[in-house]
Amino acid sequence: MGREDDVMRACDLFAARFSWPHAVHGWASGRVNLIGDHVDYQGGVVLPMPIGLGCGCAAGPGGEPGRVRVASTAFDGVHACDGRDAMTPGLGVPIGHWASYAAGVVAEIAALAGREGEGVDLALAGSVPVGSGLSSSAAVEVAVARAVCGLWGVELEPMAMARLCQRAEHRFAGAPCGLMDQATAVLGRSGSLLRLDCRDGSFQHVRLPDTAAVFVLDTGGRHVVADGAYAARRAAAERAAGALGVRTLRDAEEVDLSGLPDVERDAATHVTGEIRRVEAACDAFRAGDLGLVGRLMDASHASLRDVYRVSCPELDAVVEAARAAPGVFGARMTGAGFGGCAVALVDARAAGGFEGAFRGASECGLSRATAFRVDGTSTG
Ligand code: ADP
Ligand code: MG
């Protein structure tokens, strides 16, 4: 599984569904966030890394003139619509439909390049588990953006591509996501963390020390981000920023939160504390202090669980199981929460035994849980 396999399966699917060869292909990675969740939409700092599992997209000019057609190995059938209808959210493809993520990106690029109403055929093949907090949606969007930009000869700066994909997810999929996922899919480098400042879009690559291994812990449970719980947290954070008179909670670091109503105070407490933890984790990574990074990850999980309340019993259980294994610096839920995956930072010398130890510790009641290494190094 990974880039070559995703692309090959996308090209095979294209030939099978559309009966003619594709013209171009693109690929993009899913991501795991080491620390900094539910802060990207408040101008915060995040520290994700690409995971090597991603999405391949094969594309060609429409075999049916003026129509946008999307196929995926993950879903049955081909979604087809008029290219002009596809320009309007909800008209060519229902909002939130699996094909809306790809068709939305086509529409955004078409609007930019003056190619509205043009036909495109797309075939997708992903290896990121869907709805697990590893950002299968941004992998789809950026893979489509790369393929369609190649097809139409459109040049986009990396951050412009990330913002275009984010806009497509907002408008066409109806998911009010932050910028982290799309930016990591565009800018991420295997084996490096991406320190991304979501207030101004600036970023640096922070090399993961050789002494560290990163594991994803998959609970096997799935979430739907378009669900109300994510939007409700986001709205509470926005109300808190409004009440404090700041544009985003990033600008509320030194502000007294005690006068806020409970829900808004919890939102502001989590977001401001989490941004401080991310900054401290970046410094600790650079200093090689993995023990401190691990303690910050543990504190992040506690805040997401107890203050922002976006964890769930399965996530808490895999985090506890990981912490019980030898050589683990820290563990926390990752992504939007409510199910999906957690992440563990492990001493590289203990990486070989981690999966077995995790399985042993998670046996009671967590039969679907799995752990896999994602920092680009095989456990051998
Ligand atoms: P996450 O990004 O954490 O995996 P989301 O809910 O944000 O979860 O996005 C999942 C949605 O993205 C799926 O429900 C589907 O609509 C779309 N998607 C993801 N992977 C694929 C794929 N391989 N083919 C088609 N659509 C996909
Ligand atoms: Mg997503």
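In listed order, ligands and their atoms are each counted from 1. The first residue of the sequence shown is numbered 1, and numbering continues consecutively from there.
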Contact with ligand 1 for Ser132, non-hydrogen, under 4.0 angstrom
yes
Have Ser311 and Asp316 got a donor and an acceptor in their side chains that come within less than 3.5 Å?
yes
Atoms of ligand 1 less than 4.0 Å from Val130 heavy atoms?
4 (O), 10 (C), 13 (C), 14 (O), 19 (C), 20 (N)
Can you tell me which portion of Trp98 lies within the under-4.0 Å heavy-atom range of ligand 1? Options are side chain, backbone, both, or neither.
both
Which is it for Ser72 and ligand 1 at heavy atoms under 4.0 Å: side chain, backbone, both or neither?
side chain
Heteroatom N/O/S of Ser135 within less than 2.8 Å of the Mg ion (ligand 2)
no
In chain order, what residues pass the side-chain hydrogen bond (donor to acceptor under 3.5 Å, both in side chains) check against Asp40, with sequence neighbours excluded?
none
Parallel under 30°, tilted from 30 to 60°, perpendicular over 60°: which one fits the rings of Phe354 and Phe215?
tilted
Take the angle between the ring planes of His97 and His79 and call it parallel below 30°, perpendicular above 60°, tilted in between.
tilted
Output yes when the distance from some N or O of ligand 1 to some N or O of [X] is under 3.5 Å, and no in every other case.
{"X": "Gly131", "value": "yes"}
{"X": "Ala125", "value": "no"}
{"X": "His97", "value": "no"}

For the pair Arg9 and Asp5, find out whether any cationic side-chain nitrogen is under 4.0 Å from an anionic carboxylate oxygen.
yes
Not counting sequence neighbours, list each pair that qualifies as a salt bridge (Lys or Arg N to Asp or Glu O under 4.0 Å) and has a residue in residues 102-119.
Glu108-Arg167, Glu108-Arg171, Arg115-Glu118
